[in-house]
2 protein chains.
Amino acid sequence: MPNFGSCNVFLRATFGIDPGAEIGRQLGELATQVHVIRGQEVKTDPADTTLVFLASGATKLGALASRERHQIVAFHFGGDIFTVPAVSVHRYMLIGLCESTLTTFPAREFYDRAASNPWIMRALLERSQTALFRCRDKAVNLGQKSAGERVAGFLLAMWERLDASEGSSPMIDLPMSRGDIGESLGLKIETVSRQFTKLREAGIIDTHGRSGVSLLDLPRLAEQAGYYDRNTVPPRPEWVERKPELVP
Amino acid sequence: MPNFGSCNVFLRATFGIDPGAEIGRQLGELATQVHVIRGQEVKTDPADTTLVFLASGATKLGALASRERHQIVAFHFGGDIFTVPAVSVHRYMLIGLCESTLTTFPAREFYDRAASNPWIMRALLERSQTALFRCRDKAVNLGQKSAGERVAGFLLAMWERLDASEGSSPMIDLPMSRGDIGESLGLKIETVSRQFTKLREAGIIDTHGRSGVSLLDLPRLAEQAGYYDRNTVPPRPEWVERKPELVP
DNA sequence: CGGGATGTTGACGGTCTTCAAAAGCGGTGG
DNA sequence: CCACCGCTTTTGAAGACCGTCAACATCCCG
């Protein structure tokens with residue numbers, strides 16, 4: 001039985017599809033409406049990729065490296081479109097950070113039906129690449145950066161994605177716990193906490209309760225994150241210090 | 001001036017396009033043929049994403065976290081299609097592991113021209129997702145696994161991708177140096193070397209020269225990689241030990 | 001066969017984790 | 001409105017793992 005809930009909102013907002021159109025009906029047939037509360041898992045097909053539209057709320061996409069070792073590979077917020085992979089070497093799971101409503105589709109069938117619509121495929125491709133680029137940046141952070149750099153970088157990334165109010169000192173309201181942050185950054189909760197304390201003592205941030213964070217000094221925060229310079233174009237010349245080796 | 005080299009091979013092999021077709025001509029106009037030797041960088045547009053088809057050889061896609069800190073986010077081999085991101089918080093660069101020939105396209109324009117062809121878009125989307133899933137697995141490894149687990153997992157992944165000869169004990173010929181492996185796994189070269197030594201002393205692998213590795217005991221190697229069990233379906237039940245929290 | 005790059009091994013030190021306990025927040029009920 | 005209680009967060013001390021520095025061995029190419 002077709003499920004026309006936030007699915008229609010999704011199709012219209014993301015792809016510009018009139019829900020009354022034939023393609024809208026065909027895709028709507030694949031939709032499953034899901035509502036989760038904080039901490040609850042969204043069940044996805046372990047045998048095939050699931051396409052997810054997060055209508056409202058926030059979720060974390062995590063993987064099990066082994067029992068007791070979780071890695072969060074991405075946070076998602078209202079309006080996001082993403083995929084939950086089938087089980088391979090790691091098992092992924094999608095969990096609500098707060099009360100959230102979402103629409104899920106079996107990815108393969110969705111693609112089959114959407115293939116004839118250039119706009120949809122283009123939108124899916126670009127969002128997939130955005131996710132890939134974010135994931136690559138995460139890999140760089142996990143592989144090369146210290147705990148302090150990771151936490152600072154995390155705060156900057158969240159500030160950009162949560163689009164804080166344009167006050168004098170940007171303030172963000174983190175929907176995830178310190179534990180979630182740790183699992184996202186490959187750090188233990190105690191280490192995350194210590195880094196928050198360091199940034200607070202340095203006057204770079206301030207914290208309010210469990211979730212409120214004021215970014216008092218963005219340039220210094222970017223510096224702590226280990227970026228060259230976030231606001232100017234990165235260095236262009238001389239990238240070939242890794243010897244080009246003798247020409248044939 | 002259109003460049004019809006391995007581009008035609010690419011279009012035919014990947015998308016089933018007859019190079020004589022109009023779409024083939026239009027895409028061919030965007031192609032740039034590149035030939036690199038070991039250690040040489042493939043120049044890509046810092047301002048826009050580049051789509052790359054690797055006709056033959058092998059490359060590494062690396063990012064600069066800062067000067068002197070590189071992270072390799074992916075290795076690619078002949079036949080692979082992938083993208084090199086524009087410069088954002090990190091600068092990416094594509095470097096040959098050995099003599100390689102490839103074709104590059106400006107991604108945006110390629111997508112514009114290919115949008116009307118469902119097959120191409122579908123193929124691009126699925127390859128993008130493959131890259132995303134690999135990258136997520138890498139993030140899990142970097143964030144949660146020990147040096148020993150990372151090296152063992154790396155060898156298994158390379159064995160699968162390089163498709164070793166079907167001998168009694170699989171043997172692979174690594175095209176990348178220990179340094180490259182370290183940069184891929186977020187470890188220093190000395191640590192990688194020590195882990196190789198451990199695996200060799202345990203009788204799990206054997207090494208021949210710089211690049212040859214025999215995988216003498218695959219099950220034990222998978223065990224060292226920290227996987228539950230690579231050959232059976234991962235555990236299905238009881239995944240919600242993270243309390244679903246009180247129902248409203 | 002020789003030289004330089006690549007890889008290996010050892011000792012030591014720093015960063016993050018582990019283990020343990022105290023403090024703070026936030027929701028519930030009086 | 002305030003006191004209580006559970007859970008999250010913070011803080012501290014000790015230990016493990018990986019990184020750093022340095023020396024040596026090996027491989028591969030000319």
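Side-chain to base pairing of B:R194 with C:dG7: no donor and acceptor N or O lie closer than 3.5 Å to each other.
Nearer to the 5' terminus of DNA chain C, by closest-nucleotide assignment, is the contact made by A:E190 (compared with the other of A:S211 and A:E190). Both B:G209 and A:V192 lie close to DNA chain C; mapped to their nearest nucleotides by heavy-atom distance, the more 5′-ward contact belongs to B:G209.
Salt-bridge formation is detected for the pair A:E41/A:R91: a Lys NZ or Arg NE/NH1/NH2 atom is positioned less than 4.0 Å from an Asp or Glu carboxylate oxygen.
Atom CZ of A:R38 and atom P of D:dC7 are 12 Å apart (whole Å). One atom, CD1 of B:I181, and another, C1' of C:dT6, lie 12 Å apart when rounded to the nearest Å. As a whole-Å value, the separation of A:R178 CZ from C:dG24 P is 15 Å. Atom CD in B:Q144 sits about 15 Å away from atom C1' in D:dC17, given to the nearest Å. In this entry the distance linking CD1 of B:I189 with C1' of D:dT26 reads 13 Å, nearest Å. A:H208 has its NE2 atom 16 Å from the P atom of D:dT9, to the nearest Å. Distance, B:L174 CG to D:dC28 C1': 17 Å, rounded to whole Å. In this entry the distance linking CD of B:E183 with P of D:dG19 reads 12 Å, nearest Å.
Rounding to the nearest 0.5 Å places CZ of B:R161 at 12.5 Å from CD1 of B:I172. To the nearest 0.5 angstrom, B:E183 atom CD is 12.0 Å from B:R69 atom CZ.
In this structure, A:C98 and A:T59 have side chains that are not in contact, with every pair of non-hydrogen atoms separated by 4.5 Å or more. Here the side chains of B:I81 and B:L51 are in contact, with some heavy-atom distance below 4.5 Å. Contact annotation: the side chain of A:L187 approaches that of A:R150 to within less than 4.5 Å [non-hydrogen atoms, C-beta and beyond]. Side-chain contact between B:M176 and B:M158 is present, with heavy atoms from C-beta onward closer than 4.5 Å.
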Any N/O pairs under 3.5 Å between the protein and nucleotides 12-16 of chain C? List them or say none.
from: C:dC16; atom 1: OP1; to: A:A147; atom 2: N; distance (Å): 2.7

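Picking from C:dT6, C:dG24, D:dA13 the nucleotide with the shortest atom distance to the side chain of A:R210 gives C:dG24.
Contacts of B:S177 with the nucleic acid, taken as non-hydrogen atoms under 4.0 Å apart, involve only primed sugar atoms and P, OP1 or OP2.
Side-chain nitrogen and oxygen atoms of A:T197 include at least one within less than 4.0 Å of the OP1 or OP2 phosphate oxygen of D:dT11.
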